There are 2 protein chains.
Amino acid sequence: MTQQELVAWLREWGVRVTPQRLAIAEAVLNSTDHPSVQQIYERVRDHFPSMTLATIYSTLGVLEKSGLIQELPFAKQSRYESNLEPHVNLVCVECGNVVDTELGQEAVLRLKSLISQESNFDVAWQRVDFHGWCRRCAANRAPEASPA
Amino acid sequence: MTQQELVAWLREWGVRVTPQRLAIAEAVLNSTDHPSVQQIYERVRDHFPSMTLATIYSTLGVLEKSGLIQELPFAKQSRYESNLEPHVNLVCVECGNVVDTELGQEAVLRLKSLISQESNFDVAWQRVDFHGWCRRCAANRAPEASPA
DNA sequence: TTTACTGCAAAGGGTTTGCATGAGG
DNA sequence: CCTCATGCAAACCCTTTGCAGTAAA
């Protein structure tokens, strides 16, 4: 999504376009690591040293209502997702990293169709998280039962 | 799961079995509505008027580490799940209710196999939430564009 | 010019922690 | 008996709110 498209999208929703909002939106949209509010704050601070967390929370709420991003609540804090297509997230229980995977995208899409058609539930969106150990953390853990 | 099995399970994990812990565990295990900490508190208070939230938080942590329940973080507060089998949760964005559905269980299971086998990610568990409107809330909303 | 956003500070609320007492094994 | 759980209170921290000044349209 170009900045021009982003501006048009926001105007479409009757939302005022400010430099802060553009910076926050782009920080999320141009990321794949599902940043937390703190991470967004750090990434935007260079250009807007006076920006506070309140503005970020406010803007993220606006962006979510406009259908640009999705909040992903976790136990400690929320993260923010820019990939709204049905897909699978891999969540490492060790390092906390969250990455999208292309594996199973079709399956999630079919699952969404199934739920939409076969249930009395009006589906808006979905979140599919697989929790476990990423390759790096799996390697550091349990050194294959090596003898002493 | 009988209370006897529950006690055995906890002992297996080297966890002390107290009346409070049994009450909290059963409040979650015998429920299907994914209760919040507050709801568990209210359900247990009759039998343990002096119990505090700190005990509930502590116990829920123990139960999760023992593999009996799973925390489901939401934006406002966490809920707790006793159905650890791969399945789909339906989350109403209006009333906040969360229910399990049997629809798509097979699909989630296959999806788990796919991720486990085709990725470098060591899967432990999964959470599949579909967000939208439950039948009741869908009915109250948008009265089918009826003319005035 | 009007309306709504930003920045700041304070409050809110779910969750965690420290410690003395009490109960489990 | 010794260790760990409970209950109580205070602390924590993420998030929200209220308000005065300021920028978007």
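No hydrogens, no waters, no symmetry mates; every other heavy atom, side chains included, goes into these values. Every chain is numbered from 1, with letters handed out A, B, ... down the list of sequences. Model, not experiment: these values are computed from the prediction.
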Problem - Spacing between Trp13(B) atom CH2 and dC4(D) atom C1', to the nearest angstrom - result: 18 Å

Fill in the blank from the handout: Taking every heavy atom of Ala25(A) against every heavy atom of Leu6(A), the minimum-distance pair comes out as CB-CD2, 3.8 Å

Problem - Rounded distance (Å) that lies between atom C1' of dC5(C) and atom CG of Leu63(A) - result: 13 Å

Problem - Enclosure of Glu5(B) CD (heavy-atom neighbours >12, cutoff 6.0 Å) - result: yes

Problem - Shortest side-chain distance from Tyr57(B), nucleotide among dT16(C), dT16(D), dG25(C) - result: dT16(C)

Practice task
Flag the pair Asp122(A) and Arg135(B) as a salt bridge only when some basic side-chain nitrogen lies within less than 4.0 angstrom of an acidic carboxylate oxygen.
Solution key: no

Practice task
Look at atom CZ of Arg45(A) and say whether more than 12 heavy atoms of other residues, nucleotides or ligands are closer to it than 6.0 Å.
Solution key: yes

Handout entry: Greater than 12 external heavy atoms within 6.0 Å of Trp9(B)'s CH2
Key = no

Fill in the blank from the handout: By nearest-nucleotide position on DNA chain D, the 5'-leaning member of Gln38(A) and Val62(B) is Val62(B)

Problem - Most 5' of Ser78(B) and Arg11(B) on DNA chain C, judged by nearest nucleotide - result: Ser78(B)

Handout entry: Interatomic distance where OH belongs to Tyr41(A) and P belongs to dC13(D) [whole Å]
Key = 16 Å

Exercise for the section: Using whole Å, report how far NZ of Lys76(A) lies from P of dT16(C). Expected result: 5 Å

Exercise for the section: Answer yes or no: side-chain N or O of Arg16(A) and base N or O of dC5(C) forming a donor-acceptor pair under 3.5 Å. Expected result: no

Fill in the blank from the handout: Here the distance between atom C1' of dC14(D) and atom CD1 of Ile40(A), to the nearest Å, is 14 Å

Problem - Heavy atoms of other groups near Glu42(A) CD, more than 12 under 6.0 Å - result: yes

Handout entry: Whole-Å distance separating the CG atom of Leu72(B) from the C1' atom of dG14(C)
Key = 16 Å

Exercise for the section: Round to a whole Å and report the spacing from CG of Leu60(A) to C1' of dT17(D). Expected result: 17 Å

Exercise for the section: Could you tell me whether the side chain of Arg79(A) and the main chain of Asp33(A) form a donor-acceptor pair under 3.5 Å? Expected result: yes

Practice task
Return the nearest nucleotide to the side chain of Val17(A); candidates are dA25(D), dT15(D), dG14(C).
Solution key: dA25(D)

Practice task
Starting from P on dT16(C), measure out to CD on Glu64(B) and report it in whole angstrom.
Solution key: 10 Å

Handout entry: Base-contact (B) and sugar-phosphate-only (S) positions in nucleotides 6-12 of chain C, heavy-atom cut-off under 4.0 Å, - elsewhere
Key = SBBB---

